[in-house]
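Quick notes on the structure that follows.
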2 protein chains.
Amino acid sequence: MDQSICPRFEKAISIMNKRWTTLIIYQLLEGSQRFCEIESSIGVSGRVLSERLKDLEKEGIVKRSVYDETPVRIEYSLTSKGESLKPALDQIQSWAENWIETSE
Amino acid sequence: MDQSICPRFEKAISIMNKRWTTLIIYQLLEGSQRFCEIESSIGVSGRVLSERLKDLEKEGIVKRSVYDETPVRIEYSLTSKGESLKPALDQIQSWAENWIETSE
DNA sequence: GTAATCAACTTACTTTATGTAAGCAAGTAT
DNA sequence: ATACTTGCTTACATAAAGTAAGTTGATTAC
């Protein structure tokens with residue numbers, strides 16, 4: 001390990017590399033969503049989703065908002081740090097459109 | 001799971017999401033490299049590196065070249081499919097530069 | 001008013017992925 | 001002959017993710 005790689009890049013990758021993280025962010029780029037909406041739209045298990053949302057909150061990428069209605073409503077949305085990942089995800093998307101075959 | 005996400009994007013993410021994959025590609029963007037160079041530059045274990053390189057070869061992202069010298073030299077490089085991930089990685093890098101703190 | 005249902009989780013347990021370390025074949029260096 | 005290097009593979013241990021059931025508080029259905 002001679003650590004020649006930019007530590008900020010490595011940190012970014014270590015966040016995005018965790019399974020589901022990128023899809024969660026991608027989904028939240030559409031607007032704020034509730035737990036079960038994210039769960040069903042990307043097919044992640046509740047166990048892991050709960051874990052990831054906490055991680056992403058800690059990283060300042062996702063914000064958890066509690067609306068004190070009855071019943072209480074909880075929504076997850078991106079912070080500006082999270083929103084600013086859009087260009088990166090857009091690039092991945094356009095790469096996918098150019099290079100990934102549909103039939104698999 | 002109602003599968004509303006673009007399947008190409010999902011495929012792309014499933015490739016990049018595997019641990020070390022993105023760092024391996026990032027490293028190969030510098031030019032072709034040998035097994036042990038990649039291993040020591042990013043700190044991945046040989047076991048996983050071997051696995052990843054095979055996956056990436058299957059996906060057509062990495063090319064394995066055997067130079068029949070003595071001793072034989074084996075180099076890994078990016079195909080054009082692999083090279084074209086550069087803009088995406090560049091975007092991640094610039095996000096990291098703007099939003100990731102060094103002191104952690 | 002009791003049963004069933006939903007949201008947002010958590011807990012317990014199983015399976016898969018990754019890490020660690022050692023081993024191996026072919027060659028080189030001393 | 002012995003030790004060392006590259007490019008791996010194998011066996012085993014630990015960590016992460018999947019599955020399914022359970023929890024709390026409130027809502028609706030009958």
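Throughout, protein chains are lettered first and strands after them, A, B, ... in sequence-line order, and every chain is numbered starting at 1.
Between A/E59 and A/K11 there is a salt bridge, since a side-chain N of the basic residue sits under 4.0 Å from a carboxylate O of the acidic one.
You'll find that the side chain of A/R52 is closest to D/dA16, out of D/dA16, C/dA7, D/dT6. Closest approach to the A/T70 side chain among C/dT10, C/dA8, D/dT27 is made by D/dT27 (side chain taken as heavy atoms from C-beta onward). When the nucleotides D/dG7, C/dA8, D/dT19 are ranked by their closest atom to the side chain of B/F35, D/dG7 comes out on top. Proximity note for A/P71 (side chain, C-beta onward) versus D/dA26, C/dG19, C/dT28: the nearest is D/dA26.
Remark on DNA chain D: of its neighbouring residues A/R19 and B/S50, the 5'-side contact belongs to B/S50, judged by nearest-heavy-atom nucleotide. Judged by closest nucleotide on DNA chain C, A/E51 is the one of B/G46 and A/E51 placed further toward the 5' end.
Taking atom CD on A/E57 and atom P on C/dA8, their separation rounds to 14 Å, with Å as the unit. Between the CH2 atom of B/W20 and the C1' atom of D/dA16 there is a distance of 15 Å, rounded to whole Å. If you measure from atom CG of B/L53 to atom P of D/dT6, you get 16 Å, rounded to the nearest angstrom. One can place CG of B/N17 at 13 Å from C1' of D/dA16, the figure rounded to the nearest angstrom. Rounded to whole angstrom, the span from the CZ atom of B/R73 across to the P atom of C/dT28 amounts to 14 Å. Rounding to whole angstrom units, CD1 of residue B/I74 and C1' of C/dG27 are separated by 13 Å. In this entry the distance linking CG of A/D55 with P of D/dA16 reads 10 Å, nearest Å. Protein atom NZ of B/K18 is 20 Å distant from nucleotide atom P of D/dA15, rounded to whole Å.
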Point to revise | Audit row: B/I61, B/I15, side chain to side chain contact (heavy atoms under 4.5 Å, CB included) steps and yes/no | key: CA-CA 10 Å; B/I61 290 169; B/I15 296 168; 4.1 Å; yes

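Under the 3.5 Å distance criterion, with hydrogens and angles disregarded, no donor-acceptor pair is assigned to the side chains of A/E57 and A/Y76. In this structure, a donor-acceptor pair under 3.5 Å is absent between the side chains of B/E75 and B/S65.
In this structure, A/K54 does not reach the C/dA8 phosphate: none of its side-chain N or O atoms is under 4.0 Å from OP1 or OP2. Remark: A/Y76 is in phosphate contact with C/dC9, judged by side-chain N or O atoms under 4.0 Å from OP1 or OP2.
A/R47 contributes a side-chain N or O that forms a donor-acceptor pair with the base of D/dA17 under 3.5 Å.
In terms of heavy atoms, B/T79 sits closest to B/G60 at OG1-O, 2.5 Å.
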